[in-house]
Amino acid sequence: MTTQPPTQPPTQTTTQTTTEPQTAAKPDKNRYRKTLNLPQTKFDMKANLLQSEPQSLKRWQQLGLYAKLREERKASPTFNFHDGPPYANGSIHLGHLMNKCLKDFVVRSQTMLGKNVPYVPGWDCHGLPIEHKVMQAMQEKGSFAKLATMEVSQRDMIVRRECQQHAEKYIKLQAGQMQRLLTLADYDNPYLTMAPQYEASTLEVLADLLKAGLVYRAVKPVHWSIANETALAEAELEYEDREDTSVFVDFEALDADAVYDAFGLKQSAEDEADDESGDESTEASAPDAKPADPYAKKSRALPAGVRPHQKPCFMIWTTTPWTLPANVAVAVHPEVEYALVWIDGNVTVLASKLIEKVTQLARSEEVSVIATTTGDKLVGLRYRHPFVTSTPKCALQRACSLEKIWSVVPADYVTTEDGTGLVHTAPGHGTEDYQTGLKHALPVYCPVKGDGTYDSTVPEWLRGVNIWKANDAVVKHLRDSGHLFFDQKFMHSYPHDWRSKTPVIFRCTQQWFVSVTDESLRDWQGRPASMQQLALHAVREGTGGGDVPPVKFVPEWGRNRMRGMLESRPDWCISRQRAWGLPIPAFVLPLAANAHPDEEPAVLLTSASVRAVCEVLRSKGSDAWFAMPPEQLLASYDASKDPQLSPEMRHALAGGYASLKKTRDILDVWFESGSSWNSVLRARGLGYPADLYLEGSDQHRGWFQLSLLPALGATGQAPFRTLLTHGFMVDKDGRKLSKSRPDAARYEVDSLTNEFGVDVMRWWVSSLVYENDIKVDLTFFATAGESYRKVRNTLRFMLSNLFDFVPSTSTPQAERGVAQDGHCVSLASLSPTSLDAWVLGEYNALERTVVGALTRYDFQTAHKALFDFCNSTLSATYLAAIKDRMYCDKPDAPRRRASQTVLWDMLDGLCRLLAPFLPHTADEAFRALHKVPPTDTTTCVHLRTFLGARGTGDEVASAFGVKPDERWSKVFVLLDAAQGKLEKAKASGIENPLDAGVVLPNAGGVLDGFDLVELADLLGVSIVRADASATEPSVLDLRDDDKFPRCERSWKRDGTVRVRSDGGVLSDRDALAVGVA
RNA sequence: GGGCUUGUAGCUCAGUUGGCUAGAGCGCACCCCUGAUAAGGGUGAGGUCCGCGGUUCGAAUCCGCGCAGGCCCA
């Protein structure tokens, strides 16, 4: 290292001899530059992720990274992680970005821990949003009219084909986007809920539930289009203004005394007149001082608190008079105040708050409140239906009794905003009514047929009448019979069928349900249990009670949330009336010739019949259901051996299946995705249950619950051991993200990718506290970019100081144990008081922290530890301190080589720790460290493990077997104090730390054995001295060019600097390095 | 309206079972370096711990009532 540029010595010498004093003050700073070991690297400061990430991606694809890992790890312990399927529609958004990145952190960190992590990505393909979109497109194209002329199954097939193409298109798009996010998964073999294999496995689950006796058929109200005679989903409704008739109807009470008792009225008016004081009725009548009073004064109405002689009524209000034939109850709010009111000679009940509104509307003249009470007192009171006399039959209902028909029932949804506070309840024609009906075992009565006309169960004058025409007929009938209090036409917003633009109605149809409360399953002790009970048991608190430990929740509060949802869970309606889905393979039996016209035909759906159809669909796909006749679909079914059939059914099926009719229901898409534990984990032999499901917290009700329930029904075991949930994206003010934000385009994932790069976005995701709401803003990505650059630059600086370092092997010492070559220093031989030992100790701590955090899915802690290590431990401390030896020592000086060995090994480990978060950058740095030529695709950090994770299982050893001196923490306290003094010394003109020395107090020998040169390098000063008698650090002013000349090469004033044989002014170390005496 | 949940410097977050002067990083300001240079180092200023009330010797922390968000229901 004695080579000098030939032109330099003469010029240097002349200047130096003539102007010696100035040289010291202003030396030629570049004189020795070429003799330094300045850092060199091709690892760019600028990441250029937009170009370089796709190159990494391509390299990994050539390597076959996913397959290679499966092959290499097949004997390792498995981490079974199961992907929840996103919907195959549209481009991925910020939510997917976070979800997929978090999942990838799991996959990659578990992989780096040495596990085998098979991970199959999936897509949810069926369902209404796609079908709706396809239908709209067809409507716009004008191919809709043609469809209408076709046969149903033919029409369904055409729609299905379009839907499939749509799904395929978006799966391809999303898979590409997800891979661009550098996620590691089996993208060559994803699971698709529309794939024949998957469909067959879904039907297996249905068969299992049928076998357990958990599937039943019942009626339920749905939005119904009369024009198209089909059920509609929420997304297919358009709200338009429509004129309707609203009516106030008096339902006459059956037992007048019971009503008066409920209002606390005494037996007769005479009694009451004597006794003015003191009982409930007086109290109750007090509040009526306000609205009804003016009328009361001039009226001949009965005085308050007196029991009238006529029969009281319950006044209801409805905007759909055509549903009145189906009325079976009147609902009141138990806590609302109701009044018994005298209105123009009639006595009726309505909510106190609404008296004024109703009577003013009807222009009533005489209004007075007789008494008031609360809704709960009215519950159970009975009334006479204004025109229906025969009790309706319970169509296909599980629990139905006529006990409560035509009576007052409680309901929390009743308000006093509109109407009378008493709600006409027809369970066959409304969702809330239906819920109330189920709760009180009321008949779910729907006398309206699919074509919008009444069936034969209604009174003679309504039979066969179209319900819209029936509105007027009902009003007229009520008026004539004296039940009508008031009616008026009014405009309101009303749902319409998006295709026919006609108004829709609520109508009951037969649906398939899974019972969550039937105790037809067994718990772990063999006792009868319901799905709900098993589910609650699976998510119980604590660890005891059961053969399987309870599901773990991350965060823990998910357990409560899930439990609450399970407790209030109604039976699961698993059928839909659509084309794009997996058919429920049920068949309708023909009615016997002598059957009663109202008789429901029997339906075939048993475990065995489903399995028979299932085998056909497994090879041919669900289209076969539409294309093939029943006898072919049931080719392998033998009704005579089906234990689930009744003797009658078996008899009816004895003649073959040709006369069966296929039903048109499809499965709820949640049933499909909720069967993925069977269709993917079990069907592909990946192991059951999964170690982890990870989704947004909305899936506590969605996929998590709807996977848990069927899995318990079919296997008795929860499909997951741990549930991890993340929150939702909100804007920087914490508000819900709106799709119509003006800058929404910049938040498209593709756009973000182009602006920031994927590693930056992943770095951001890893910094999140994902359990809560996640605020997103472009500035956050910019901040993550800054932070990323800090890490990248740290890696770069480490690499650049290894330009002349040749490791003896590409395996770090942590993996191979000892140094084997003169270039490498044995880490075990490092002095505990050396800076190298200290930093390796810090690395060990980092790895413990990161591995521990990753194991707990606490990515933020890992992120923070990694950043702090790069930013503080390395960049600001260790790297800053070793710069002097790196640059100025002889290239092969032992302490330089020692630090290079440490740098090399630590960088190798650091790349591995960063790999789960920054797959591209970590691999790029790893390859640069190992000097891998671009043509080599086989060297890849993602095939390695964390240094401390070598060996088996979850045990994490310390990466490096060094034990730094315990006094280091005290030394750093001293250094901090010294730093403060240096800062103060700036006031006295010592602005450059190299112009300063520091005296450190060496009380109790804390500094004994420490290298004072290293401590000086840590402070950036020229000299450190230890003084046993000092109590606090002090600063030495070295700005004296005679006593402490500055070394021209290292710029240090270390006290050994003098003029050397080449005329240069150098310290001992630098003279040695340059090779001059 | 109900279940679960969040609210600590400008920003993102720590803050064990109540207990030193409430911490970190970023950002900002000032300074240094110019041999990591579209880099690097140092120092500093920033807080009604969402509000009100209570328990306590003592509350960011425990309890109650509010306010403002989020998810899922109704």
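Fair warning: this is a prediction, and the values are worked out from it, not measured in the lab. Residue numbers begin at 1 in each chain, while the letters A, B, ... track the order of the sequences.
Among the protein residues, A:Thr783 comes within range of the sugar-phosphate backbone only, with heavy atoms under 4.0 Å from sugar or phosphate atoms but none that close to a base. Among the protein residues, A:Pro993 comes within range of the sugar-phosphate backbone only, with heavy atoms under 4.0 Å from sugar or phosphate atoms but none that close to a base. Using a 4.0 Å heavy-atom criterion, one finds that A:Arg792 contacts no nucleic acid atom at all.
Protein atom CD of A:Glu556 is 13 Å distant from nucleotide atom C1' of B:C4, rounded to whole Å. Separating the CZ atom of A:Arg559 from the P atom of B:U5 is a distance of 13 Å, rounded to the nearest angstrom. Distance, A:Glu771 CD to B:U12 P: 16 Å, rounded to whole Å. Look at OH on A:Tyr770: it is 14 Å from P on B:C13, rounded to the nearest Å. A:Ile882 places its CD1 atom 12 Å from the P atom of B:A36, with the value rounded to the nearest Å. The separation between A:Arg33 atom CZ and B:A36 atom C1' is 12 Å, rounded to whole Å. Rounded to whole angstrom, the span from the CD atom of A:Glu335 across to the P atom of B:G2 amounts to 11 Å. As a whole-Å value, the separation of A:Trp763 CH2 from B:C26 P is 13 Å.
Both A:Asn992 and A:Lys775 lie near RNA chain B, and the one whose nearest nucleotide falls closer to the 5' end is A:Lys775. Take the nearest nucleotide of RNA chain B for A:Gln860 and for A:Arg1049: the residue whose nucleotide is more 5' is A:Gln860.
Because its NZ or CZ atom is both nearer than 6.0 Å to the ring centre of A:Phe43 and within 45° of the ring axis, A:Arg792 counts as a cation-pi partner of that residue.
Side chain of A:Arg896 to backbone of A:Pro891: a donor-acceptor contact under 3.5 angstrom is found. In this structure, the side chain of A:Arg1053 engages the main chain of A:Phe1044 through a donor-acceptor pair within 3.5 Å. The main-chain N or O of A:Thr517 is never found under 3.5 Å from a side-chain atom of A:Gln532 such that the two would form a donor-acceptor pair.
Between B:U8 and B:U61, the two P atoms lie 13 Å apart (nearest whole Å). Nucleotides B:U48 and B:A38 place their C1' atoms 42 Å apart, quoted to the nearest Å. Across B:A24 and B:C67, the matching C1' atoms stand 30 Å from one another, rounded to whole Å. Rounded to whole Å, the C1' atom of B:C32 lies 15 Å from the corresponding atom of B:A39. Annotation: B:A14 and B:G53 have their C1' atoms spaced 29 Å apart (nearest Å). Comparing B:C62 with B:G2, their P atoms sit 23 Å apart, to the nearest whole Å. Comparing the C1' positions of B:G23 and B:G66 gives a spacing of 30 Å, expressed to the nearest Å. Using C1' as the reference atom, B:G44 and B:C26 are 16 Å apart when rounded to the nearest Å.
Judged as a side chain to side chain donor-acceptor pair (under 3.5 Å), and not counting sequence neighbours, the contacts of A:Ser1067 are A:Asp1070. For A:Glu567, there are no salt bridge (Lys or Arg N to Asp or Glu O under 4.0 Å) partners, not counting sequence neighbours. When the ring pair (Phe, Tyr, Trp, His ring centres under 6.0 Å) test is applied to A:His93, the partners found at least two apart in sequence or on another chain are A:His96.
Of all non-hydrogen atoms in A:Gly702 and A:Trp670, the two that sit nearest each other are C-CZ3, 3.8 Å. Here the closest non-hydrogen pair linking A:Leu835 and A:Glu1014 is N-OE1, 2.9 Å.
Both distances falling under 3.5 Å, in either a Watson-Crick or a G-U wobble arrangement, occur for no nucleotide opposite B:U16. For B:A59, there is no paired nucleotide, since no Watson-Crick or G-U wobble pair has both relevant distances below 3.5 Å. When Watson-Crick and G-U wobble pairs are counted only if both distances are under 3.5 Å, B:A68 pairs with B:U6. Shown here, B:C30 forms a base pair with B:G42; the pair counts as Watson-Crick or G-U wobble because both key distances fall under 3.5 Å. The pairing partner recorded for B:C11 is B:G25, the criterion being a Watson-Crick or G-U wobble arrangement whose two distances lie under 3.5 angstrom.
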Could you run through nucleotides 37-49 of chain B and give me one letter per nucleotide, 5' to 3': B if any protein heavy atom sits under 4.0 Å from the base, S if only the sugar-phosphate is that close, - if neither?
SSSSSBS------
The contact string for nucleotides 63-74 of chain B, one letter per nucleotide 5' to 3', using protein heavy atoms under 4.0 Å with B, S and - for base, sugar-phosphate only and none, comes out as -----SBSBSS-
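With respect to the salt-bridge test (charged N to carboxylate O, under 4.0 angstrom), the residues A:Asp995 and A:Arg1046 qualify. Salt bridge annotation for A:Asp1037-A:Arg1039: present, with a cationic side-chain nitrogen under 4.0 angstrom from a carboxylate oxygen. Taking a cutoff of 4.0 Å between a charged side-chain nitrogen and a carboxylate oxygen, A:Lys1052 and A:Asp1017 qualify as a salt bridge.
Within 6.0 Å of NZ on A:Lys981 lie more than 12 heavy atoms contributed by other residues, nucleotides or ligands. Residue A:Arg741 places its CZ atom among more than 12 non-hydrogen atoms of other residues, nucleotides or ligands, all under 6.0 Å distant.
Nearest to the side-chain atoms of A:Cys888 among the listed nucleotides B:A36, B:A14, B:G35 stands B:G35.
B:G25 has its base anti relative to the sugar, with a glycosidic angle deviating from 0 by more than 90°.
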Using the 3.5 Å cut-off, write out each protein N or O paired with an N or O of nucleotides 16-18 of chain B and the distance between them.
none

